Chemist: 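One structure follows; several queries about it will come next.
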Amino acid sequence: MSPALNRPADTLVVLDFETTGLSPDQGDRAIEIGAVRLLNGSVADRFQALMNPGRRISGFIENYTGISNAMLADAPPCAEVMSEFAAFVGDDHLVAHNASFDSRFLEAEFARIGLPVGGTFVCSMLAARRLYPQAPNHKLGTLVAYKNLPTEGVYHRALADAEMTAQLWLQMLADLEQEHGLSRVPFAVMQQLTRTAKSSVAALLRREAQR
DNA sequence: TGCCAGGCCCTCTTTAGGGCCTT
């Protein structure tokens with residue numbers, strides 16, 4: 001296991017993008033980023049910024065996010081915000097809910113300013129499917145309600161969603177530690193959890209508990 | 001104006017299709 005992947009899973013950056021649409025390959029851009037830095041299982045820092053994608057956003061996205069074209073008109077450009085975010089995130093590992101979505105946008109926005117993504121992404125939704133198969137569904141808001149996690153009732157804004165994802169992440173770590181006798185879950189275990197067939201999850205956790 | 005993606009996972013599967021999740 002590489003030293004980076006052996007870091008504890010309670011020390012990393014949880015992020016969420018609001019965007020103009022679903023696909024950077026189709027020209028969609030980020031309009032807001034929110035992120036929470038977890039350090040030893042506690043929120044240690046936050047990052048939030050609107051960014052101007054250089055064109056108007058659709059009425060659907062205005063309604064979905066509550067972010068208006070007027071709000072974005074006064075926002076700094078994506079390049080400026082993403083450069084600041086790169087300094088914030090460093091080479092920390094990353095968590096997002098449905099990470100395949102956020103990782104595509106992070107890679108696309110970083111690529112536009114000539115930066116690589118330093119850390120490794122892992123997906124809270126895939127982990128939750130493994131750990132909470134009995135949940136009604138695995139949308140972020142549903143899981144927050146299912147686990148009675150704290151929320152301010154704001155959804156589809158980047159920092160609020162990142163905060164809720166961070167709380168869900170910490171809850172999953174706590175449940176794993178309690179149910180499987182783990183002292184502190186390594187990042188690599190959470191990464192493996194999202195890649196492992198359901199029938200193999202128990203064996204994976206047994207091995208980790210015996211380490 | 002209208003429409004767009006992609007990875008994971010399940011099953012009436014694997015020579016495939018469709019739901020879930022993200023904006």
Side-chain angles (χ1 to χ4, degrees), chain A residues 13-36 47-72 75 78 81-82 85 93-112 117 120-147 149 151 154-169 171-172 189-204:
Chain A
V13 170
V14 183
L15 68 88
D16 183 72
F17 276 109
E18 306 305 317
T19 70
T20 64
L22 290 173
S23 175
D25 290 342
Q26 300 293 317
D28 287 316
R29 300 295 304 273
I31 60 174
E32 185 183 39
I33 185 160
V36 172
F47 186 101
Q48 184 276 329
L50 291 170
M51 56 193 116
N52 189 330
R55 66 173 121 92
R56 293 182 62 80
I57 61 173
S58 69
F60 173 82
I61 294 296
E62 283 190 311
N63 290 331
Y64 188 80
T65 64
I67 298 168
S68 68
N69 279 292
M71 292 162 69
L72 295 178
C78 295
V81 170
M82 295 311 299
F85 182 68
H93 291 322
L94 300 157
V95 168
H97 201 69
N98 197 14
S100 68
F101 175 85
D102 293 278
S103 64
R104 283 199 300 277
F105 277 94
L106 187 66
E107 287 177 7
E109 294 294 346
F110 271 16
R112 284 174 175 268
V117 176
T120 300
F121 257 103
V122 74
C123 178
S124 58
M125 184 190 74
L126 294 180
R129 281 180 177 170
R130 298 286 189 233
L131 297 180
Y132 309 132
Q134 70 280 24
N137 60 56
H138 297 89
K139 295 178 184 177
L140 179 59
T142 301
L143 290 165
V144 166
Y146 179 71
K147 297 301 292 184
L149 300 174
T151 168
V154 177
Y155 298 91
H156 307 309
R157 285 299 300 266
L159 184 57
D161 284 3
E163 299 262 14
M164 287 189 289
T165 303
Q167 293 302 319
L168 173 64
W169 184 254
Q171 183 66 53
M172 289 193 288
V189 167
M190 296 303 287
Q191 184 185 40
Q192 194 63 38
L193 187 69
T194 66
R195 294 174 171 172
T196 302
K198 190 184 295 182
S199 61
S200 302
V201 169
L204 167 71

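Note on naming: letters A, B, ... go to the chains in the order of the sequence lines (proteins, then strands), and numbering restarts at 1 for each one. Model, not experiment: these values are computed from the prediction.
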Chemist: Measure the OG-CZ distance between A:S124 and A:R129 for me, rounded to the nearest 0.5 Å.
Modeler: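 Rounded to the nearest 0.5 Å, the OG-CZ separation comes out at 11.0 Å.
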Chemist: Between atom NZ in A:K139 and atom P in B:dC21, what is the gap in whole Å?
Modeler: 7 Å
Chemist: Could you measure the distance from the CZ atom of A:R55 to the CD1 atom of A:I57? Nearest 0.5 Å is fine.
Modeler: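 That separation rounds to 10.5 Å.
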Chemist: In whole Å, measure the gap between the C1' atoms of B:dC9 and B:dT13 for me.
Modeler: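 It comes out at 12 Å once rounded to the nearest Å.
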Chemist: Using atom C1' in both nucleotides, what's the gap between B:dT14 and B:dC8 to the nearest angstrom?
Modeler: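 Those two atoms are separated by 16 Å.
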Chemist: If you restrict it to nitrogen or oxygen atoms, what contacts under 3.5 Å exist between nucleotides 17-19 of chain B and the protein, and what is each distance?
Modeler:
none

Chemist: Closer than 4.0 Å, any side-chain N/O of A:H156 to the OP1 or OP2 of B:dT23?
Modeler: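 Yes, such a contact exists.
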Chemist: Tell me whether the side-chain N/O atoms of A:R130 come closer than 4.0 Å to OP1 or OP2 in B:dC9.
Modeler: yes
Chemist: What integer number of Å spans the P atoms of B:dC20 and B:dT15?
Modeler: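 The same atom, P, in both gives a distance of 25 Å.
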Chemist: Checking all strands, does A:D28 fall into the base, sugar-phosphate, or nothing category for heavy-atom contacts under 4.0 angstrom?
Modeler: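 No contact.
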Chemist: Phosphate oxygens OP1/OP2 of B:dC21: is one of them under 4.0 Å from a side-chain N or O of A:H138?
Modeler: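 Affirmative; the distance criterion is met.
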Chemist: Would you please test A:Y146 and A:Q134 for side-chain hydrogen bond (donor to acceptor under 3.5 Å, both in side chains) and show each step?
Modeler: CA-CA 10 Å; A:Y146 179 71; A:Q134 70 280 24; 3.0 Å; yes
Chemist: With rounding to the nearest 0.5 Å, note down the distance linking CD1 in A:I67 to CD1 in A:I31.
Modeler: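 Between atom CD1 of A:I67 and atom CD1 of A:I31 there are 4.0 Å.
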Chemist: With rounding to the nearest 0.5 Å, note down the distance linking OG in A:S23 to CZ in A:F105.
Modeler: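 Result: 6.5 Å between the selected atoms.
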Chemist: Counting the atoms with a prime plus P, OP1 and OP2 as sugar-phosphate, which does A:F60 contact under 4.0 Å by heavy atoms, base, sugar-phosphate, or nothing?
Modeler: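 Since a base atom lies under 4.0 Å of A:F60, the category is base.
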Chemist: Is it the case that A:T20 and A:D28 place a side-chain donor and acceptor less than 3.5 Å from each other?
Modeler: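 On atom types as modelled, these side chains qualify, holding a pair under 3.5 Å.
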Chemist: With respect to the side chain of A:Q26, which nucleotide from B:dT22, B:dT23, B:dA5 is positioned closest?
Modeler: B:dA5
Chemist: Rounded to the nearest angstrom, tell me the gap between atom CG in A:L15 and atom C1' in B:dT23.
Modeler: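 In whole Å, B:dT23 C1' and A:L15 CG are 14 Å from each other.
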Chemist: Let me spell it out: for each of A:T194 and A:I31, pick the nucleotide of DNA chain B with the closest heavy atom. Which residue's pick is nearer the 5' end?
Modeler: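 On the 5' side of the pair lies A:T194.
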Chemist: Would you give the length of the straight line joining atom CE of A:M125 to atom OG of A:S100, rounded to the nearest 0.5 angstrom?
Modeler: 6.5 Å
Chemist: Under 4.0 Å between any heavy atoms, over every strand shown, what does A:D16 touch: base, sugar-phosphate, or nothing? Just pick one.
Modeler: sugar-phosphate
Chemist: Quote, to the nearest angstrom, the C1' distance that separates B:dT23 from B:dC3.
Modeler: 15 Å
Chemist: If you assign A:D161 and A:L126 each to the DNA chain B nucleotide with the nearest heavy atom, which residue ends up on the more 5' nucleotide?
Modeler: A:L126
Chemist: Suppose you measure atom P in B:dG18 against the same atom in B:dC12; what distance do you get, rounded to whole Å?
Modeler: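 My reading of the P atoms in B:dG18 and B:dC12 gives 14 Å.
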Chemist: Given the P atoms of B:dG19 and B:dC4, what is the spacing between them in whole Å?
Modeler: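 The answer is 15 Å between these two P atoms.
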Chemist: With salt bridge (Lys or Arg N to Asp or Glu O under 4.0 Å) as the rule and sequence neighbours excluded, what pairs involving residues 154-169 of chain A come up?
Modeler: A:E32-A:R157, A:R46-A:E163
Chemist: Atom CG of A:D102 to atom P of B:dC8: distance rounded to whole Å?
Modeler: 15 Å
Chemist: Can you tell me which nucleotide in B:dG6, B:dT22, B:dA5 comes closest to the side chain of A:S100?
Modeler: B:dG6
Chemist: So A:N69 and A:E62, do their side chains get closer than 4.5 Å, heavy atoms only?
Modeler: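 Yes; the side chains approach each other to less than 4.5 Å.
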Chemist: Which residues in residues 18-25 of chain A have at least one heavy atom lying under 4.0 Å from any atom of DNA chain B?
Modeler: A:E18, A:T19, A:G21, A:L22, A:S23, A:D25
Chemist: Kindly compute the distance separating CE (A:M190) from CE (A:M172), expressed to the nearest 0.5 Å.
Modeler: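 Spacing of CE (A:M190) from CE (A:M172) equals 5.0 Å.
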